[in-house]
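None of these values were measured; they are calculated from a predicted model.
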Amino acid sequence: MTLAKLLNLGERSADMLAAAGIYTREQLEQLGPVRAFLAAKQAGTNPSMNFLWSVAGALNDTNWTQLSPEYKQQLRAELEELTSDKKHE
């Protein structure tokens with residue numbers, strides 16, 4: 001199954017992930033939503049927070065609009081932690 005066929009992900013999201021070298025659900029699962037978001041960003045795409053929610057929802061087989069506020073906050077915190085670590089390197 002292509003990434004574009006996963007819940008929440010379409011061709012544009014799949015293209016952004018492909019730009020980062022992510023082509024399969026297994027690769028997406030190994031990275032997780034936040035690291036996949038950062039990989040897409042580093043690859044020169046311009047992912048939005050909705051992209052992050054979409055990837056997280058795809059990995060949980062949940063519509064991104066149904067992600068809990070707590071889970072979204074957890075993702076934001078992980079993103080902040082990973083990006084602040086890079087600023088201090």
Between Leu59 and Pro33, which heavy-atom pair has the shortest distance, and what is it? CD1-CD, 3.7 Å

CG/Leu38 to OG1/Thr83 distance, rounded to the nearest 0.5 angstrom? 7.0 Å

Non-hydrogen side-chain atoms of Leu79 and Phe37 separated by less than 4.5 Å: yes

Taking a hydrophobic cluster as the set of Ile, Leu, Val, Met, Phe, Trp and Tyr residues connected by side-chain heavy atoms closer than 4.5 Å, whether directly or through intermediates, do Leu82 and Leu28 fall within one such cluster? yes

Rounded to the nearest 0.5 Å, what's the gap from CG on Leu31 to CG on Leu17? Could you check? 9.0 Å

When every non-hydrogen atom of Ala19 is compared with those of Ala43, the smallest separation belongs to O-CB, 3.4 Å

Looking at Ser54 and Leu9, would you say the former's side chain and the latter's main chain have a donor-acceptor pair under 3.5 Å? no

In short, Ala40 meets Thr45 closest at the heavy-atom pair O-OG1, 2.6 Å

Ignoring hydrogens, what is the shortest heavy-atom contact between Gly57 and Asn8? Give both atom names and the distance. C-ND2, 3.2 Å

Could you measure the distance from the CD atom of Gln74 to the CG atom of Leu67? Nearest 0.5 Å is fine. 11.0 Å

I want to check something: taking the side chain as every heavy atom from C-beta on, are Leu52 and Pro47 in contact at a cut-off of under 4.5 Å? no

So, Gln27 side chain and Tyr23 main chain: donor-acceptor pair closer than 3.5 Å or not? yes

Indicate whether any N or O donor in one side chain lies under 3.5 Å from an N or O acceptor in the other, for Asn50 and Ser48. no

Atom CZ of Arg76 with >12 non-hydrogen neighbours under 6.0 angstrom: yes

Short question: side chain of Glu78, backbone of Leu75 - any donor-acceptor pair under 3.5 Å? no

Treating Asn60 as the side-chain partner and Thr62 as the backbone partner, does any N or O pair qualify as donor plus acceptor under 3.5 Å? no

Applying the 4.5 Å side-chain criterion to the ILVMFWY set and letting contacts propagate, would Leu7 and Leu3 be lumped into a single cluster? no

Between Arg25 and Glu29, does any NZ, NE, NH1 or NH2 come within less than 4.0 Å of an OD or OE carboxylate oxygen? yes

Do other residues, nucleotides or ligands put more than 12 heavy atoms under 6.0 Å from Lys41 NZ? no

Between Trp53 and Trp64, what is the shortest heavy-atom contact and its length? O-CB, 3.5 Å

